[in-house]
Colleague: 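Sharing a structure with you now.
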Amino acid sequence: MKRKSLAVLVSVICLSLLLVTWVGAKTVYYNEISKHDGYDYEFWKDYGGTGKMVLGSGGTFTCEWENINNILFRKGRKFNQTQTHEEIGNITVEFGVDYQPRGNSYLCVYGWTVDPLVEYYVVESWGNWRPPGAISKGTITIDGGTYDIYETTRKNQPSIKGTATFQQYWSVRRSKRTEGTISVSEHFKHWESMGMPMGKMYEVALTIEGYRSNGWADVYKNELIIEP
């Protein structure tokens, strides 16, 4: 009898844990910016196709997209645009992703700064096409890999400040990977040493982007670490 009671108790505990996990998850289908389990998240798409983002614990999430033009799923940290990255601290992301793009897509750390307005990418893996299709400004070696550095200009395009002209900064790893450590602040420092100034921080987020493609991803690890 005692064994049976213990088995029932264990079953109830396991079911309770599953229910807590289920209740804590959130599914997003449309453009949205909010917070979930200690992280900021954003779902953004322009037109056409469908997308789905399921928010898990901490920085984790799953996403899928079909027949879209452009879509971004991201979870990380948004800032109040009053501090530079040096003032915020040393930023690192520990990540692990089951990444299955079909077509053009990026697995990256993504974000924006203001003053100057900059959109930036640290690309760890991609789909059919390696971005951004520009001439490399040079290379850097970080986290055991070599990255090509690019700077491009976007004219009259959507931004966090509405339609605007702004710079894009890129670090694109030469060999794809889907797990490991991304020393984000080191990329910022190298960009600035190459004449690519960073402004005050708006966002740092692990991101899955799809462009005129389909695919899915399971971000099973995403830990944003900021050290003073």
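Computed from a predicted structure; not experimentally measured.
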Colleague: Compare every heavy atom of Cys108 with every heavy atom of Tyr121, then report the nearest pair and how far apart it is.
Modeller: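 Where Tyr121 meets Cys108 most closely, the heavy atoms are CD2-SG, 3.8 Å.
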Colleague: Does Val204 share a hydrophobic cluster with Ile142, counting links as ILVMFWY side-chain heavy atoms below 4.5 Å and allowing steps through other members?
Modeller: yes
Colleague: Is there a donor-acceptor pair closer than 3.5 Å between any side-chain N or O of His36 and the backbone N or O of Gly24?
Modeller: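 Yes, His36 side chain to Gly24 backbone: donor-acceptor pair under 3.5 Å.
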Colleague: Identify whether Phe188 and Val122 are in the same connected component of the hydrophobic contact network (ILVMFWY, side-chain heavy atoms under 4.5 Å).
Modeller: yes
Colleague: Looking at Gln167, Glu119, Gln168, which one forms a side chain to side chain donor-acceptor pair (under 3.5 Å) with Thr152?
Modeller: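 Answer after filtering Gln167, Glu119, Gln168: Gln168.
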Colleague: Answer yes if Ile149 and Ile182 sit in the same cluster of Ile, Leu, Val, Met, Phe, Trp and Tyr residues linked by side chain heavy atoms under 4.5 Å apart, and no otherwise.
Modeller: yes
Colleague: Within the 4.5 Å heavy-atom criterion, are Ile225 and Asn90 side-chain neighbours or not?
Modeller: no
Colleague: First locate atom OG of Ser125, then atom CD of Glu179, and finally report the distance between them rounded to the nearest 0.5 Å.
Modeller: 11.5 Å
Colleague: What do the steps show when you test Glu86 against Thr84 for side-chain hydrogen bond (donor to acceptor under 3.5 Å, both in side chains), and what is the final call?
Modeller: CA-CA 5 Å; Glu86 294 98 338; Thr84 65; 3.1 Å; yes
Colleague: Could you name each residue pair satisfying side-chain hydrogen bond (donor to acceptor under 3.5 Å, both in side chains) that touches residues 59-68, not counting sequence neighbours?
Modeller: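 The answer is Trp65-Ser213.
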Colleague: Using the rule given for side-chain contact (heavy atoms from CB on, under 4.5 Å), can you reason through Ile71 versus Phe43, listing the C-alpha separation, both sets of side-chain angles and the distance that settles it, and then say yes or no?
Modeller: CA-CA 8 Å; Ile71 193 166; Phe43 176 115; 3.9 Å; yes
Colleague: Check whether Ser159 reaches the backbone of Gly162 with its side chain - one donor and one acceptor, N or O, closer than 3.5 Å.
Modeller: yes
Colleague: Test side-chain hydrogen bond (donor to acceptor under 3.5 Å, both in side chains) on Tyr150 and Ser171 and set out the steps.
Modeller: CA-CA 7 Å; Tyr150 304 93; Ser171 287; over 6 Å; no
Colleague: Do you know the tightest heavy-atom contact between Ser105 and Pro101?
Modeller: CB-CB, 3.5 Å
Colleague: If I take atom NZ from residue Lys52 and atom SG from residue Cys63, how far apart are they, to the nearest 0.5 angstrom?
Modeller: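 Between atom NZ of Lys52 and atom SG of Cys63 there are 11.0 Å.
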Colleague: Would a 4.5 Å heavy-atom cut-off, applied to side chains only, mark Lys176 and Trp126 as touching?
Modeller: yes
Colleague: Hey, any chance Val93 and Phe73 share a hydrophobic cluster, counting ILVMFWY side chains that come within less than 4.5 Å of each other, even indirectly?
Modeller: yes
Colleague: Could you please spell out the steps behind the side-chain contact (heavy atoms from CB on, under 4.5 Å) verdict for Gln83 and Lys200?
Modeller: CA-CA 5 Å; Gln83 293 179 299; Lys200 295 176 181 177; over 6 Å; no
Colleague: Determine, for Asp148 against Arg130, whether the closest basic-nitrogen to carboxylate-oxygen distance falls under 4.0 angstrom.
Modeller: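 Judged by the 4.0 Å cut-off on N to carboxylate O distance, Asp148 and Arg130 do form a salt bridge.
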Colleague: Salt bridge between Lys35 and Asp40, side-chain N to carboxylate O under 4.0 Å?
Modeller: yes
Colleague: Going by an N to O cut-off under 4.0 Å, is there a salt bridge joining Glu42 and Lys75?
Modeller: no
Colleague: Should we count OH of Tyr220 as having more than 12 external heavy atoms under 6.0 Å?
Modeller: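 It does: Tyr220 OH has more than 12 such atoms within range.
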Colleague: Tell me yes or no: between the side chains of Asn69 and Asp46, is some donor less than 3.5 Å from an acceptor?
Modeller: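 Looking only at side-chain atoms, Asp46 and Asn69 do form a donor-acceptor pair, the distance falling under 3.5 Å.
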Colleague: Taking all atoms of both residues into account, what is the closest heavy-atom pair of Val172 and Pro132, and its distance?
Modeller: CG2-CD, 4.2 Å
Colleague: Could you go through the side-chain contact (heavy atoms from CB on, under 4.5 Å) check for Thr181 and Thr92 one step at a time?
Modeller: CA-CA 7 Å; Thr181 299; Thr92 304; 3.5 Å; yes
Colleague: Taking Lys155's backbone N and O only, do any of them form a donor-acceptor pair with Thr165's side chain (distance below 3.5 Å, no angle check)?
Modeller: no
Colleague: Just verifying a value: how many Å separate Leu55 CG and Tyr39 OH, rounded to the nearest 0.5 Å?
Modeller: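 Going from the CG atom of Leu55 to the OH atom of Tyr39 covers 13.0 Å.
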Colleague: Say whether, by atom type as modelled, one donor and one acceptor occur between the side chain of Asp143 and the main chain of Ser183 under 3.5 angstrom.
Modeller: yes
Colleague: Applying a strict under-4.5 Å side-chain criterion to I, L, V, M, F, W and Y, I'd like to know whether Tyr120 and Leu107 cluster together.
Modeller: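 Yes, Tyr120 and Leu107 fall within the same hydrophobic cluster.
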Colleague: Which heavy atom of Val28 sits nearest to which heavy atom of Tyr30, and what is that distance?
Modeller: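 Distance-wise, the nearest heavy atoms are CG1-O, 3.2 Å.
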Colleague: Indicate yes or no: at least one non-hydrogen side-chain atom of Ile208 is less than 4.5 angstrom from one of Leu72.
Modeller: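 They are not in side-chain contact.
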Colleague: Hey, are the side chains of Gln81 and Trp112 touching, using non-hydrogen atoms and a 4.5 Å cut-off?
Modeller: no
Colleague: Does a salt bridge link Glu192 with Lys189, judged by any charged N lying under 4.0 Å from a carboxylate O?
Modeller: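 Judged by the 4.0 Å cut-off on N to carboxylate O distance, Glu192 and Lys189 do not form a salt bridge.
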Colleague: Walk me through whether Tyr169 and Trp191 qualify under ring pair (Phe, Tyr, Trp, His ring centres under 6.0 Å).
Modeller: CA-CA 8 Å; Tyr169 299 163; Trp191 291 342; 5.8 Å; yes
Colleague: Check whether any side-chain heavy atom of Trp44 sits under 4.5 Å from a side-chain heavy atom of Ile33, and report yes or no.
Modeller: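 When only atoms from C-beta onward are counted, Ile33 and Trp44 do not touch, as no gap falls below 4.5 Å.
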Colleague: Is there a donor in the side chain of Asn104 and an acceptor in the side chain of Glu209, or the other way round, less than 3.5 Å apart?
Modeller: no
Colleague: Do Arg102 and Trp216 touch side chain to side chain, with heavy atoms closer than 4.5 Å?
Modeller: yes
Colleague: Would one find more than 12 heavy atoms of other residues, nucleotides or ligands at under 6.0 Å from atom NZ of Lys137?
Modeller: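 Above 12, so yes.
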Colleague: Atom CZ in Arg173, atom OG in Ser175: separation rounded to 0.5 Å?
Modeller: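 Separation between the atoms: 5.0 Å.
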Colleague: Walk me through whether Arg177 and Phe95 qualify under side-chain contact (heavy atoms from CB on, under 4.5 Å).
Modeller: CA-CA 10 Å; Arg177 65 170 179 163; Phe95 77 109; 4.2 Å; yes
Colleague: For Phe79 and Met201, work out which heavy atoms get closest and say how close.
Modeller: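 Closest heavy-atom pair between Phe79 and Met201: CB-O, 3.3 Å.
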Colleague: Do Tyr110 and Arg74 come within less than 4.5 Å of each other through their side chains, counting heavy atoms only?
Modeller: yes
Colleague: In terms of side-chain heavy atoms, does Thr141 have a donor or acceptor partner in Tyr147 at a distance below 3.5 Å?
Modeller: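 No pair is found: no donor N or O on one side chain lies under 3.5 Å from an acceptor on the other.
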Colleague: I need the Met194 CE to Ile140 CD1 distance, nearest 0.5 Å.
Modeller: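 It comes to 7.0 Å.
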Colleague: Looking only at heavy atoms, which two atoms of Gly210 and Asn70 are closest? And how far apart?
Modeller: O-ND2, 3.1 Å
Colleague: Measure the OG1-CD distance between Thr82 and Glu87 for me, rounded to the nearest 0.5 Å.
Modeller: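 Interatomic distance, Thr82 OG1 to Glu87 CD, rounded to 0.5 Å: 7.5 Å.
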Colleague: Should Glu32 and Tyr41 be marked as a side-chain hydrogen bond (donor to acceptor under 3.5 Å, both in side chains) after you check the CA-CA gap, both sets of side-chain angles, and the distance that decides it?
Modeller: CA-CA 8 Å; Glu32 183 172 296; Tyr41 71 86; 2.3 Å; yes
Colleague: Within a strict 4.5 Å, meaning less than it, do heavy atoms of the Tyr106 and Trp129 side chains meet?
Modeller: yes
